[in-house]
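Everything below concerns the one structure shown next.
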Amino acid sequence: MVHANRTIGADLGGAGVEGAGAGLRGQLARHALLPLRLFLGATFLYAGIDKLTDPAFLAAGGAGSLGEMLRQVHDAAALPQLVEIAQKSPVGFGYAIAAGELAVGLGALVGLLGRLAAFGGALISLTLWLTVSWATTPYYYGNDLAYLVAWIPLLLAGTPRFSLDAALANRRKRHGAQLFG
């Protein structure tokens, strides 16, 4: 039994059955989601800023507009009903997408409400996959499905390292259940 624990601990970079390890592999494992979180957070933050600063995107019609893109993808979308909802107010929907991407990106980057940010990112990616990139063939050329899958580990794990969530949890732990005071 003792030998099995040492073997398992060695396989996990020192993180055996008894607890977390201090070896290099254990340190790397504890920070494994950080690059994914930074990439997704920066990407969604950039996407939101890009949409807000592109006057062509935030137009009801014309080249490069969300309205025109919605017209193009309507018949090929898995859920054309979602496209029809957006077509009722493409400018308002464009602002909503941009605001959602900004909130998700900031939440992921700073690690505030990390699971909620990951849920929002997954929801945006799912919506875009079922509408805009559904007809992409082969499917692996479309990026929205990959983003959806990439958000799942953060949805499951949250933002336990280098995050405001972790700082707030440590504060609650030090001061009992009180958040402030």
Side-chain angles (χ1 to χ4, degrees), residues 31-169 179:
H31 297 89
L33 292 178
L34 190 58
L36 181 63
R37 185 179 119 206
L38 294 175
F39 170 76
L40 290 172
T43 300
F44 270 61
L45 185 63
Y46 175 75
I49 291 170
D50 188 46
K51 285 175 180 63
L52 288 176
T53 58
D54 182 0
F57 178 80
L58 293 172
S65 70
L66 179 59
E68 181 60 30
M69 182 176 56
L70 292 170
R71 278 188 284 285
Q72 291 173 2
V73 302
H74 180 271
D75 294 335
L79 293 175
Q81 299 86 349
L82 290 177
V83 177
E84 290 166 7
I85 292 170
Q87 284 178 319
K88 291 179 181 175
S89 178
V91 175
F93 194 73
Y95 278 109
I97 291 172
E101 288 173 338
L102 286 173
V104 164
L106 284 172
L109 280 176
V110 301
L112 181 61
L113 302 173
R115 283 192 171 100
L116 182 60
F119 178 75
L123 187 61
I124 290 170
S125 298
L126 175 65
T127 303
L128 291 173
W129 177 54
L130 292 173
T131 56
V132 177
S133 63
W134 181 258
T136 304
T137 55
Y139 76 91
Y140 51 82
Y141 281 165
N143 61 356
D144 295 315
L145 180 59
Y147 281 113
L148 169 61
V149 173
W151 281 111
I152 293 172
L154 294 174
L155 181 60
L156 296 173
T159 54
R161 303 270 182 228
F162 302 112
S163 66
L164 291 176
D165 287 345
L168 290 171
L179 282 176

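Because the structure is a prediction, the values reported are computed rather than measured.
- Contact record, Ala108 with Gly41: CB-CA, 3.8 Å, taken as the closest heavy-atom pair.
- Here the CG atom belonging to Leu38 is positioned 10.0 Å from the OG1 atom belonging to Thr43, to the nearest 0.5 angstrom.
- Within the 4.5 Å cutoff, the side chain of Leu66 has no heavy atoms near those of the Leu58 side chain.
- Checking each of Phe119, Phe39, Phe44 against Trp151 for a ring-ring contact (aromatic ring centres under 6.0 Å, His included) leaves exactly one that passes, namely Phe44.
- Side-chain contact between Ile124 and Glu101: present, with at least one pair of heavy atoms (C-beta onward) separated by less than 4.5 Å.
- By the side chain to side chain contact (heavy atoms under 4.5 Å, CB included) test, Ser133 pairs with Trp129, Thr136, Asp144, sequence neighbours left out.
- For the atom pair CD (Glu68) and CZ (Phe57), the distance works out to 13.0 Å, reported to the nearest 0.5 Å.
- Nearest heavy atoms, Gly62 versus Ser65: O-OG, 2.8 Å.
- A distance of 8.0 Å separates OG1 of Thr159 from CG of Leu154, quoted to the nearest 0.5 Å.
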For Tyr95 and Leu52: C-alpha separation, side-chain torsions, deciding distance, then whether side chain to side chain contact (heavy atoms under 4.5 Å, CB included) applies.
CA-CA 7 Å; Tyr95 278 109; Leu52 288 176; 3.6 Å; yes
Run the side chain to side chain contact (heavy atoms under 4.5 Å, CB included) test on Val132 and Met69 for me, step by step, so that the C-alpha distance in whole Å, both residues' side-chain angles and the decisive distance to 0.1 Å come before the verdict.
CA-CA 8 Å; Val132 177; Met69 182 176 56; 4.0 Å; yes
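- When all heavy atoms are compared, the tightest approach of Arg37 to Leu109 is NH2-O, 3.1 Å.
- Nearest heavy-atom pair, Ala135 versus Ala76, reported as atom, atom and distance to 0.1 Å: CB-CB, 3.6 Å.
- Here the straight-line distance linking atom CD1 of Ile97 with atom CG of Leu128 works out to 6.0 Å at 0.5 Å rounding.
- Checked against ring-ring contact (aromatic ring centres under 6.0 Å, His included), His74 has no partners two or more places apart in sequence or in another chain.
- Taking CG of Leu126 as the reference point, atom OG1 of Thr131 lies at 9.0 Å (rounded to 0.5 Å).
- Closest approach of Ala166 to Pro160, counting heavy atoms only: CB-O, 3.4 Å.
- In this structure, Leu168 and Leu112 have side chains that are in contact, with non-hydrogen atoms separated by less than 4.5 Å.
- Checked against ring-ring contact (aromatic ring centres under 6.0 Å, His included), Tyr139 has no partners two or more places apart in sequence or in another chain.
- Contact detail for Leu148 and Ser125: the closest heavy-atom pair is N-CB, 3.6 Å.
- The distance from the CH2 atom of Trp134 to the CG atom of Leu82 is 12.0 Å, given to the nearest 0.5 Å.
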